[in-house]
A.B. asks: 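My questions all concern the structure below.
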Amino acid sequence: MFMRKRAIRPCALTLVLLLGVFGGVDLAALAAGEVMVRVKDVSVSAGQTVTTELIMEGTFAAFQGVLTYDTGALTLEKIEATSLLSESMTMFTQDEITGAFTNGSFVSASAHNAEISGAVLTFTFRAGDNADGTYSFRVEQLLVCDEEGVPLTVNAADTIVVPVTPPSPTPTPAPATREPTPAPTAQTPTPAPTTQTPTPAPTTRAPTPAPAADGPAPNPSDGSGRVILPWVIAAAAVVGALLIAVRIRKKEKSNKRKE
C-alpha cells in the first residue's frame, strides 16, 4: 500500500505539467489586485482576413486601452466583445456615418467585480497587398480598475503592454495661516497749534526836548570853536562874592561910627 502511494505521486505531477504545457493552463497564481493581459500574434498573407484576441485573467470591473498594430499591413475591420462581457457596457471608436472602426481603442465597464479568465475582445483584420508574415500587437494606455475605481496591477504575457499612469490627485493646499491683526494702538491726540499773539513792534519814543531857556540862547563858542560858558559862570560867581564882602565891610564900619 505504501509503494502504491509513492508511485501515484510522480504520475499526478506529470499529468499536471502536461496539462499546463499542452492545455494552455496558466500555472502562475495571480496575487490579489493583479490582472494578466495577453494578445496573440497572427500570421497572414496578402488579402487574408485574420482575427486575434485580447485575453485577460483576474478579478476586475472595468478596463480601457488601445490595441496598436502595423497599419501599413493590416486594416481593422471589426471589434467585438465576447460573452465574458455580457454584463458589461463596452464601447469602441467608430465613424458616426459609416460605422467603420477608426482605431483599436476600447472601453468596458460593469457595476460589480467579475472573475474573468479568457478572451474578452476579438479584433478582425484584413491583410493588405504587401502583408506577409507574422505580426504582433501592443496594448497601450491600458487601465484596469475594480468596482471602487481603484487601479489594479497589470502583468503582460508574451505581449507588450504599456499601462496608463493614472493622474495623481492634486494635493489640497493647506489653508494659509493668517497672522493675527494687531490691535490698533491708541494714538496720543496731537495738540492743536497754539496761536501766538504777535509781539508788538517797539514804539519809537520821540526824544523829550530840553526846556527852552528864557531869551536867546548864548553862543557857547568864541568863534574859534572853544567852549567859554563855564569860565563866564565861574568869573561871575567870584565877582558877586567880592561885592557881597565889600558891602558887609561897609555896613560894619557904619555901625561902629554910629556907636
A.B. asks: Output the distance between atom CD (E77) and atom OG1 (T124), rounded to the nearest 0.5 Å.
C.D. replies: 7.5 Å
A.B. asks: In Å, rounded to the nearest 0.5 Å, how long is the span from CD of E53 to CZ of R38?
C.D. replies: 10.0 Å
A.B. asks: Side chains of V144 and M56: closer than 4.5 Å at any heavy-atom pair?
C.D. replies: yes
A.B. asks: Below 4.5 Å, heavy atoms only, C-beta onward: do V120 and F63 meet side chain to side chain?
C.D. replies: yes
A.B. asks: Strictly distance-based, threshold 3.5 Å: is any side-chain N or O of T98 a donor or acceptor partner for the main-chain N or O of A100?
C.D. replies: yes
A.B. asks: Any non-hydrogen side-chain atom of N103 less than 4.5 Å from a side-chain atom of F101?
C.D. replies: no
A.B. asks: Quickly, which of L76, L54, L142, V39 forms a side-chain contact (heavy atoms from CB on, under 4.5 Å) with L67? Name it, please.
C.D. replies: V39
A.B. asks: Nearest 0.5 Å please: distance from the CD1 atom of I79 over to the CZ atom of F123.
C.D. replies: 5.0 Å
A.B. asks: Please report the closest heavy-atom contact between V161 and A156, naming both atoms and the distance.
C.D. replies: CG2-CB, 3.5 Å
A.B. asks: Can you confirm whether more than 12 heavy atoms, excluding those of D129, are under 6.0 Å from its CG atom?
C.D. replies: no
A.B. asks: Return yes if some donor-acceptor pair links the side-chain N/O of Q94 with the main-chain N/O of G99 below 3.5 Å, else return no.
C.D. replies: yes
A.B. asks: Is there a side-chain contact between L143 and C145 in this structure, where contact means two heavy atoms from C-beta onward sitting under 4.5 Å apart?
C.D. replies: yes
A.B. asks: In Å and rounded to the nearest 0.5 Å, what is the OG1 to CZ distance from T68 to R138?
C.D. replies: 5.5 Å
A.B. asks: Tell me whether T82 contacts the main-chain N or O of A119 through its side chain, where contact means a donor paired with an acceptor under 3.5 Å.
C.D. replies: yes
A.B. asks: Side chains of V107 and T90, heavy atoms from C-beta outward: is any pair under 4.5 Å?
C.D. replies: no
A.B. asks: Got a sec, which residues hit side-chain contact (heavy atoms from CB on, under 4.5 Å) with T59, two or more places apart in sequence or on another chain?
C.D. replies: N113, E115
A.B. asks: OG/S43 to CG/D132 distance, rounded to the nearest 0.5 angstrom?
C.D. replies: 9.5 Å
A.B. asks: Could you tell me if the side chain of T49 sits less than 4.5 Å from the side chain of V44, heavy atoms only?
C.D. replies: no
A.B. asks: Are side-chain heavy atoms of Y135 and T52 found at a separation under 4.5 Å?
C.D. replies: no
A.B. asks: Between S88 and S110, what is the shortest heavy-atom contact and its length?
C.D. replies: OG-CB, 3.4 Å
A.B. asks: For the rings on F137 and F125, is their centre-to-centre separation under 6.0 Å?
C.D. replies: yes
A.B. asks: Looking only at side-chain N and O atoms, does S105 offer a donor or acceptor that is under 3.5 Å from a partner on T93?
C.D. replies: yes
A.B. asks: To the nearest 0.5 Å, what is the distance between OH on Y69 and CG on L74?
C.D. replies: 8.0 Å
